[in-house]
Amino acid sequence: MTYAQIVDGLTRPDVQDIFAEADRVRREQVGDAVHLRGLIEFSNVCGRDCFYCGLRRSNRAVERYSMSIDEIYETAANAARLGYKSLVLQSGESSAYPVADVCRLLERIKRELKVAITLSIGEKTREEYASLKAAGADRYLLRFETSSSRLFAELKPDSSFDERMQCLLWLKELGFQVGSGIMVGLPGQTPEMIADDIMLMKILDLDMIGIGPFIPNPQTPLEGAVSGTLDMTLRAVALIRLVTRNTHIPATTAMGSIDKQGRQRALRCGANVLMPNVTPTRYREHYQLYPGKICIQDKPADCALCISGMVASLGRSIAQDAGHSLKSVGRGASAS
Ligand code: SAH
């Protein structure tokens, strides 16, 4: 697909043909089985001040929490009991957890639960990433958020686009399966910028690509900004599938939060992954990157049930394996 075709797909009135083709390519490249990644939001402590995010350090209205290492392990064990073969550990960006402690946690999870582990804990040094990999982390999620370095600088005043890109390159070098992505509908973001984002995803040869609509948070400087739309997000999902072919693409929580059918629709135009929340209920209300986040009153078992019903209602199945990258067999996938 050319850049001009991507822009066209993001802007022309009717894109049913693109959605249908993305669904076909999804089936051909990654099959009908939907991969589940149990999401553990283990701490909302954050040292960054991103303009879009409810966890930003200047937001005094958030009650901060950090689960203990043992509690994270117990949460992971519960998720494994619910049948998840792949877990994502996500948090704000902080040095609250010494990397050595996280490494011991990863070793224990790998040894006792034998699940695939994805980390989503932000920018670290190369040495820290190397230790986390050696301790058993299989994958890492780090969205570049936008490929426009100008927009990036406006929205992430205390980060740098180049440093985030450097992190992604380190993660690839170290053999992680790497996921990145963007928010759709950021203030000042144009369709051309999203087309650039999609080109960058292709160049980075990502294993996983997670995107979602930007949802303005009233406790941030972007309060009052216009929300991203499901339509534009679905167009981006479909085009990402067409351009990147066999990547893992989740139907994300943010899509489900702006529209009850958001995730189901994404699964029908290119997405093949769901990330059910397995965070203990009492913490969920404190991990609100954006308002209206779904499932914050639910228990892990509720989400498991809801997700399996959703997959069945679409006539799809739930994958029984860990769902490693289809690009990286032998490049970092461990046995589980
Ligand atoms: N601290 C980690 C994890 C971030 S949370 C990191 O920086 O990588 C995961 C993702 O949530 C972010 O990458 C961002 O794309 C998304 N997000 C944050 N605020 C949001 C908002 N207001 N609306 C939609 N998505 C948001």
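When a ligand or atom number is given, it counts from 1 through the structure's own listing order.
Taking every non-hydrogen atom of Cys53 and a distance limit under 4.0 Å, the qualifying atoms of ligand 1 come out as 19 (N). Atom numbering of ligand 1 starts at 1 in the shown order; those under 4.0 Å from a heavy atom of Ser91 are 1 (N), 2 (C), 3 (C).
Looking at Tyr3 and Glu192, their side chains never bring a donor and an acceptor atom within 3.5 Å of each other. With hydrogens and angles left out, the side-chain atoms of Ser147 and Asp196 include no donor and acceptor closer than 3.5 Å. For the 3.5 Å distance criterion, the side chains of Ser66 and Ser43 qualify, holding a donor opposite an acceptor. Side-chain polar atoms of His35 and Asn272 form no donor-acceptor pair below 3.5 angstrom. For the residue pair Thr279 / Asn277, a side-chain donor-acceptor distance below 3.5 Å is found, with atom types taken as modelled.
Considering Arg143, Glu123, Glu41, Arg164 only, the shortest heavy-atom separation from atom 8 (O) of ligand 1 involves Arg164.
Residue Pro213 places a heavy atom under 4.0 Å from ligand 1.
A ring pair (Phe, Tyr, Trp, His ring centres under 6.0 Å) check over residues 271-314, counting only residues at least two apart or in different chains, returns the pairs Tyr65-Tyr283.
Nearest heavy-atom pair, Arg37 versus Ser86, reported as atom, atom and distance to 0.1 Å: CD-OG, 3.2 Å.
Ranking protein heavy atoms by distance to atom 19 (N) of ligand 1, first place goes to Tyr52 CD1, 3.4 Å. Remark: minimum distance from atom 11 (O) of ligand 1 to any protein heavy atom is reached at Leu289 CD1, 3.4 Å. Scanning all protein heavy atoms for the shortest distance to atom 20 (C) of ligand 1 gives Met183 SD, 3.8 Å. Scanning the protein for heavy atoms near atom 9 (C) of ligand 1, the closest one is Gln90 NE2, 3.5 Å. Protein heavy atom in closest approach to atom 14 (C) of ligand 1: Glu145 OE1, 3.4 Å. Protein heavy atom nearest atom 23 (N) of ligand 1, with residue, atom name and distance: Ile215 N, 3.0 Å.
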